[in-house]
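The structure appears below as structure tokens.
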Amino acid sequence: VACAMLKTLSAMRRFSRKWLVLAPVVIALPPILAIEFAPHVASAQVSTTPTTTATVTATPCASTLGGTPTVSVTNQIPPSRFSSTGAALGISTRNAALTPNGVSYADCINDLTLQFGVTACNFVGGVNLQVWASTSSDCTSPADRGLTGVAVCWLISQGSTDLIQASGSLNYNIRVQDIVGPQQRSPSPTTLTSNGPEACTAQPTFLAVPIYINFVPIGAGGVYAGQAYQYQLQTDMVGPQAPAIGKIGNGDTLFIVNWTPNVDTDTAGYDVVIDPVPGHEPLEPDAATADATISGTTDDAATDGESSGGVATVQRICPDGATSMAAITDATMDDGSADGSMDGSTAITDGAVGPILDDAGCYTLTTGSNPPLANSTVSDNGGTCNDPTLSTGVILAGSGSDAAAAVVTQEFDDAGDLLDSGVQQVSGGGIFTPPPGSILNPNATVGTTVTGVTSSTYTVKNLKDGVPYTVVVAAVDNFGNIGPPSTQACATPAPIDDFFKDYVEAGGKAGGGFCALEAVGAPVRSGVAFAGVGAFVAAGLRRRRGKKR
Amino acid sequence: MRHVSLGAGALAVAATFASGSARAQEERVDPLGGKVHDRHTPQNFAIEFRGSPYRPNVDSDPALNGATPYQNVFGKTVRLFLGAEFDWQALRIPHVGSLGPGVSGGYTTATAQAKFSQPQPDGTTISGETTSLSIAPFAAMAVFRADVLWRDIGIPLVPYAKLGISYAYWRASNTAGLSHTDGISGTGYSLGTHVALGLAFNLNPFDPYSAQNLDDAMGINNTYIFGEWTREDYNGLGFQSDPLRVGGSNWTFGLALEL
């Protein structure tokens, strides 16, 4: 009975745990899909001229005209967001834990437009309402706008002229790239200029930059004429600096990654990025069929565990089966070079030059529904782990047009392996775009593998023994920006002998579970013993109650 | 010779406390100048908090034929065992002591780095995985405490003995979780015997006033520190054919409260 209760509880726990995991995914999937798969047109430019559509946040002006031109907002809500194609995205495009109303690298590179709503009253005559951005000023001073000094404000909307109205409001659509692009320029541009994707790399460090969006009444001659309104926009387009990865601890179908956690408060978590992605390991020749004959068409994954899920088909083609080469359209093989790398796919047609053979004169042919990812190649470089797929897509902080370019460049040898000199240590933050699907177990809420700046270890499971994996760790900030990856580390899981295995192999026979009545070598008599003890205790209690009566 | 000296010393200390504590039991000074006789709340239970160096005797399993898998993996280092015990002093034998049932439970774990099945190409033999054996022993026993020395003479020493059966839940695991080998999961339980002999040293004579206050406020009659030789022999009790021998002989130390 106890065992049945335990199993029922265990089943209920597994069920509830499963739904605890699935429920947020099911709930979050539709908006995520809407965001992730929204069409992106990089060249599209959204007009920065204001519209005059009233919004729910508008504050009606006084019914009588006159007085100081005033820009105001009540019940200020974050600006609405629109994609580069004009699709409304709400006021945020990411989880509430990732500064949803701020601007991240993804917001910038996806060319989002922010819509600010303000109410402008008493604008008569030649008073103009312009929108200026600055990291330090409210832009009311003509000097800050470059009229009498070095500009520290840059114009992000030409504004409106002759706003004669008794009530109503204005919506200003301003591109993120126009807001963040000139932040490092000195003097700041005082004429409206459209910025491109290079604006997204203008931030010099991984520290977030607040940018003030100033709605300024401007009179004749550029003088400040009225009451301005300021909105503070948090921006961060640079991920945290790379953590220092430590020694990998290999285990049985797993390995343990350790790293030195970052000390800055900008880090919200870490992504552990791996190649090849578990479940997409490159298929290997089947050792069980390493003979000189054609071995058939299917890898015997069930017996040697070499295939990736048994979905793919592996053929080992050897000389005595050369007649089948007419059907070959794709082959991947090793050229026997000392670097241990595979040479990539080689198109083969009947009668054409044949594939390069291995030492046995054979080669393998891999087909199926679960091939390795296109970019999941692992190269070995004389014992140093260097995987190009985990080093590309890195942009270092301050690499925009307004700062020294520092995009990671790499050099490869003739085998396709990354040269040691091509690995660059990065320390000032940046942006890393991991290969799709290579981030391990991203958290459903914040998208990181592990959360918390102090996290320093992660165990990667469900791997294949004997397969070399390359892993990097990248810090993720409070805006969801992924910083540059750590240096690469190699891992090759291998079988282990733990205590229980040693015990069983030495002849020990204990084990089989708490409910050992059902286990191998079940000690049935122990159940009888428990029943006896229970009966004894029950009898004692009953006798004691009887005495009391 | 050394044992004789230690025994003589203990008796001397006990005799020293005996006079004072016997006096303390008779009377105590009242702040208002009067003298009142000691009052004790009823004493029916004992609670022990225990700790001991622990080294399960797994390798004594006859099925291992002399192999020492536990020592090979975890070495000879002893681990810390922590536990607690609750006794019901159901029967009071005048001028002898108390007798009654008791139950105990505790926990210990041994952890080490697991070795690779085969040395790695770079010569590495120690993997990054840990392997652990966690043990949670429980015991049901009869407890006899000969507190006549303390109650009748005032010598604050209480020898005691325990005898019962024990049950230990154990779990072998590695970094990936519960160990499995040849389709057998690395968890189970073992049945055995529980024997203990110990000596408790009453702390009340050090501060009789506080001891009385503790009794008045919380019903704690006596506070002891104790040392105990404990032996748990998980042989299956004839009911279990292949128990994991997670018991052993250990010296246990702790704090006991009678209430």
Side-chain angles (χ1 to χ4, degrees), chain A residues 246-258 383 457 459-463 465-466 468 490-516 518-533 536-537 540 544, chain B residues 58-59 61 63-70 72-74 110 112-118 120-122 124 127-133 140 165 167 169-191 236-246:
Chain A
K247 183 175 174 59
I248 296 290
N250 288 312
D252 191 4
T253 67
L254 60 83
F255 63 81
I256 303 157
V257 190
N258 299 293
T457 187
T459 300
V460 187
K461 298 181 180 178
N462 302 318
L463 305 176
D465 286 341
C490 299
T492 306
I496 64 160
D497 290 342
D498 66 2
F499 161 72
F500 191 65
K501 185 178 180 184
D502 280 1
Y503 170 79
V504 171
E505 289 182 347
K509 298 174 181 175
F514 180 78
C515 295
E518 302 170 349
V520 177
V524 176
R525 287 180 298 174
S526 60
V528 178
F530 273 113
V533 171
F536 178 77
V537 172
R544 181 174 171 77
Chain B
V58 174
D59 296 340
D61 189 342
L64 298 177
N65 295 316
T68 56
Y70 181 89
N72 293 347
V73 173
F74 300 112
Q113 291 298 125
K115 295 177 182 175
F116 285 116
S117 299
Q118 299 291 334
Q120 297 303 287
D122 62 357
T124 305
S127 78
E129 280 202 60
T130 57
T131 177
S132 300
L133 175 62
I165 58 173
Y167 164 95
Y169 169 74
W170 57 269
R171 185 177 192 271
S173 60
N174 51 40
T175 300
L178 179 66
S179 296
H180 289 83
T181 296
D182 297 339
I184 305 172
S185 59
T187 184
Y189 63 90
S190 303
L191 292 172
L237 292 177
F239 298 103
Q240 195 179 20
S241 56
D242 300 305
L244 189 68
R245 311 288 171 128
V246 293

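Note on naming: letters A, B, ... go to the chains in the order of the sequence lines (proteins, then strands), and numbering restarts at 1 for each one. Values below: every heavy atom of this structure, side chains too, minus hydrogens, waters and symmetry copies.
- The environment of CD in A:Glu505 is crowded: more than 12 heavy-atom neighbours from other residues, nucleotides or ligands sit within 6.0 Å.
- Under 3.5 Å, the side chains of B:Ser127 and A:Asn250 contain no donor-acceptor pair of N or O atoms.
- Rounding to the nearest 0.5 Å places CG of A:Asp502 at 6.5 Å from CG of B:Asn72.
- For chain A, the nearby parts of B:Tyr70 are the backbone and the side chain; heavy atoms of each come within less than 4.5 Å.
- Note that OG1 of A:Thr253 is 7.0 Å distant from CD of B:Glu129, once rounded to the nearest 0.5 Å.
- The side chain to side chain donor-acceptor pair (under 3.5 Å) test applied to B:Asp61 returns A:Tyr503, not counting sequence neighbours.
- For B:Ala63, the parts sitting under 4.5 Å from any heavy atom of chain A are the backbone and the side chain alike.
- The parts of A:Lys501 that come within reach of chain B are both its backbone and its side chain, each placing non-hydrogen atoms under 4.5 angstrom from that chain.
- B:Gln113 does not touch chain A: none of its heavy atoms, backbone or side chain, sits under 4.5 Å away.
- Highest contact tally toward chain A, considering only B:Ala140, B:Ser173, B:Gly186, is held by B:Gly186 [criterion: heavy-atom pairs under 4.5 Å].
- Between B:Trp170 and A:Phe500, the ring-plane angle classifies as tilted under the 30° and 60° cut-offs.
- Separating the CG atom in A:Leu254 from the OG1 atom in B:Thr175 is a distance of 6.0 Å, to the nearest 0.5 Å.
- Counting heavy-atom pairs closer than 4.5 Å to chain A, the top-ranked of the candidates B:Pro121, B:Ser179, B:Gly66 is B:Ser179.
- For A:Asp252, the side chain to side chain donor-acceptor pair (under 3.5 Å) test picks out no residue, with sequence neighbours left out.
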